[in-house]
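Take a look at the structure below.
Scope of the values below: all heavy atoms of this structure, side chains included, with no hydrogens, waters or symmetry mates. Residue numbers start from 1 in every chain, and the chains themselves are labelled A, B, ... in the order their sequence lines are given, proteins ahead of strands.
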There are 2 protein chains.
Amino acid sequence: MARKAREQLSEAELAVLRVLWDFGPQTVRGVMERFHERGRRVAYTTVLTFLVRLEQKGFAVSDKKVGPAFVYRAKASRESVVRTRVRALLDQLYDGAAAPLALQLIENERFTDEELSKLRKLIDELGG
Amino acid sequence: MARKAREQLSEAELAVLRVLWDFGPQTVRGVMERFHERGRRVAYTTVLTFLVRLEQKGFAVSDKKVGPAFVYRAKASRESVVRTRVRALLDQLYDGAAAPLALQLIENERFTDEELSKLRKLIDELGG
DNA sequence: GCAGGTCTACTACAACTGTCAGAGACAGTC
DNA sequence: GACTGTCTCTGACAGTTGTAGTAGACCTGC
């Protein structure tokens, strides 16, 4: 027996999924081109593999075709994936507590004044 | 050729490293017992493997012995590991921007009033 | 001086990941 | 109708990860 089947997104799969979120439904070639534009050299069949795996894991679907090529679109929402990932990080690092991560972020990362006031506003709305 | 050698912590290795952070230097058996206390059933040799890998990757060292057993201690600091992980998450999800994650956290996770005021105080100190 | 327990070292192995090549299907073109 | 290009499908392979068994070294108590 090995580890439990988690149907979890790997890093490269997530990168592909992000293309679908950011640019809308794409063919294999389309995704590959977006990668190439960003300087990420990757073979056509590699991208195909990731899209197939995304579909197997339920994060994408390919129902339509454009000419001979399948068009893949994201099925999972960006928000749900982000939440899952953040939760996993929280569990791994702080037994699930969110506050330490929030503090760590605000202390160690850079924010513009605008971002800071947005954060402040949000916190004020939550009361306390 | 496969992916670049990243000398990256895996999830289970991180869990072991956390024991070293939380409970101080430990033998293999010590780490295993901490896991068992938390209901994580794992074989002695499995823990040994993780500690060996941690040492190979430079996150831990085993210089002393207690009786016949090596005592492992964390070499990498919790802070540095957390920073690296958070950074990786930021890159994967938001091309490195910190603000969206901060907002996501505050919106979607729960905080006590005390935590909120700590956050507010920190934000106020950063100006803006 | 050997039986039993503990330790490390070595080996193993399946699932997951990143990466891609080759084969076969189909459309357009000369 | 053969050539070219584009697609998908299938297979492959090495590195990582989670998990653990086994072997050999070493004490210790009888």
Side-chain angles (χ1 to χ4, degrees), chain A residues 1-19 25-33 35-36 38-73 85 88 91-92, chain B residues 1-19 25-33 35-36 38-73 85 88 91-92:
Chain A
M1 233 78 50
R3 89 193 85 170
K4 60 185 174 293
R6 283 180 310 162
E7 295 304 314
Q8 175 88 46
L9 273 180
S10 79
E11 208 173 310
E13 286 157 8
L14 175 60
V16 168
L17 189 52
R18 284 196 61 189
V19 171
Q26 299 282 322
T27 60
V28 175
R29 188 154 300 272
V31 172
M32 185 183 70
E33 280 163 4
F35 274 120
H36 288 179
R38 306 176 144 230
R40 180 122 153 64
R41 300 177 35 63
V42 67
Y44 184 93
T45 45
T46 303
V47 175
L48 173 61
T49 300
F50 290 143
L51 283 167
V52 167
R53 289 181 185 167
L54 277 174
E55 188 160 28
Q56 282 166 356
K57 295 183 179 182
F59 292 97
V61 274
S62 64
D63 31 22
K64 277 196 291 248
K65 283 197 160 200
V66 161
F70 281 113
V71 176
Y72 289 81
R73 67 184 164 78
R85 286 240 9 140
D91 288 340
Q92 283 166 32
Chain B
M1 233 78 50
R3 91 192 84 168
K4 60 184 173 293
R6 283 181 309 163
E7 295 305 314
Q8 175 89 46
L9 273 180
S10 78
E11 209 173 308
E13 285 158 9
L14 175 60
V16 168
L17 189 52
R18 284 195 62 191
V19 171
Q26 299 282 322
T27 60
V28 176
R29 187 154 299 272
V31 172
M32 184 184 70
E33 280 163 4
F35 273 120
H36 287 180
R38 307 176 143 229
R40 181 126 153 62
R41 298 174 37 63
V42 66
Y44 184 94
T45 46
T46 302
V47 176
L48 174 60
T49 300
F50 290 144
L51 283 166
V52 167
R53 289 181 185 166
L54 277 173
E55 189 160 29
Q56 280 165 358
K57 295 183 178 181
F59 293 96
V61 274
S62 64
D63 32 22
K64 275 195 291 247
K65 282 197 162 201
V66 161
F70 282 113
V71 175
Y72 290 82
R73 65 184 165 78
R85 286 260 324 170
D91 288 341
Q92 283 165 33

To the nearest angstrom, the CD-P distance between B:Gln8 and D:dT16 comes to 12 Å

Restricting both atoms to N or O, compile the protein contacts to nucleotides 25-30 of chain C shorter than 3.5 Å, with distance only.
none

Closest non-hydrogen contact found for A:Ala12 with A:Arg40 is CB-NH2, 4.3 Å

Indicate yes or no: at least one non-hydrogen side-chain atom of B:Leu17 is less than 4.5 angstrom from one of B:Phe50.
no

Heavy atoms under 4.0 Å, any strand shown: does A:Arg29 hit a base, just sugar-phosphate, or nothing?
sugar-phosphate

One should read off an interatomic distance between A:Glu11 CD and B:Asp91 CG, to the nearest 0.5 angstrom, of 9.5 Å

What is the separation between atom CD on A:Glu13 and atom P on D:dT16, rounded to the nearest whole Å?
18 Å

Between the two ends of the helix from C:dG1-D:dC30 to C:dC30-D:dG1, what is the bend in degrees, rounded to 10 degrees, where each end axis spans five pairs?
20°

What's the spacing between A:Glu33 CD and A:His36 NE2 if we round to 0.5 Å?
8.5 Å

Atom CG of B:Leu51 to atom P of D:dG18: distance rounded to whole Å?
13 Å

For the atom pair CZ (B:Arg18) and CG (B:Leu9), what is the distance rounded to the nearest 0.5 Å?
12.5 Å

Selection: residues 41-49 of chain B, any non-hydrogen atom under 4.0 Å of DNA chain C
B:Tyr44, B:Thr45, B:Leu48

Could you check how far CZ of A:Arg53 sits from P of D:dC9, rounded to whole Å?
15 Å

What pairs with A:Arg38 under salt bridge (Lys or Arg N to Asp or Glu O under 4.0 Å), at least two apart in sequence or on another chain?
B:Asp95

Contacts table for residues 58-66 of chain B: side-chain donor-acceptor under 3.5 angstrom, sequence neighbours left out:
from	atom 1	to	atom 2	distance (Å)
B:Ser62	OG	B:Glu55	OE1	3.1
B:Ser62	OG	B:Glu55	OE2	3.0
B:Asp63	OD2	B:Arg73	NH2	2.7
B:Lys65	NZ	B:Pro68	O	3.2

When rounded to the nearest 0.5 Å, the distance separating CZ of A:Phe70 from OG1 of A:Thr27 is 12.0 Å

Please list, in numerical order, the residues of residues 54-65 of chain A that have a heavy atom closer than 4.0 Å to any atom of DNA chain C.
A:Lys57

Would you tabulate the pairs of protein nitrogen or oxygen atoms and nucleotide nitrogen or oxygen atoms of nucleotides 23-27 of chain D closer than 3.5 angstrom?
none

Using a 4.0 Å heavy-atom cut-off across all strands, classify A:Phe70 as base, sugar-phosphate, or nothing.
sugar-phosphate

Applying side-chain hydrogen bond (donor to acceptor under 3.5 Å, both in side chains), name anything that partners B:Gln92, two or more places apart in sequence or on another chain.
A:Arg85

Just list the side-chain donor-acceptor pairs under 3.5 Å for residues 41-49 of chain A, sequence neighbours left out, or say none.
from	atom 1	to	atom 2	distance (Å)
A:Thr49	OG1	A:Thr45	O	2.9

Using whole Å, report how far OH of A:Tyr72 lies from C1' of D:dC7.
10 Å

Closest contact, heavy atoms only, A:Glu13 versus A:Gln8
OE1-O, 3.9 Å

Check every atom of C:dG18, D:dG18, D:dT8 against the side chain of B:Phe50 and return the nucleotide holding the closest atom.
D:dG18

Between B:Arg40 and D:dG18, is there a contact of a side-chain N or O with OP1 or OP2 at under 4.0 Å?
no

Can you tell me the distance, in whole Å, between the CD atom of B:Glu11 and the C1' atom of C:dT17?
15 Å

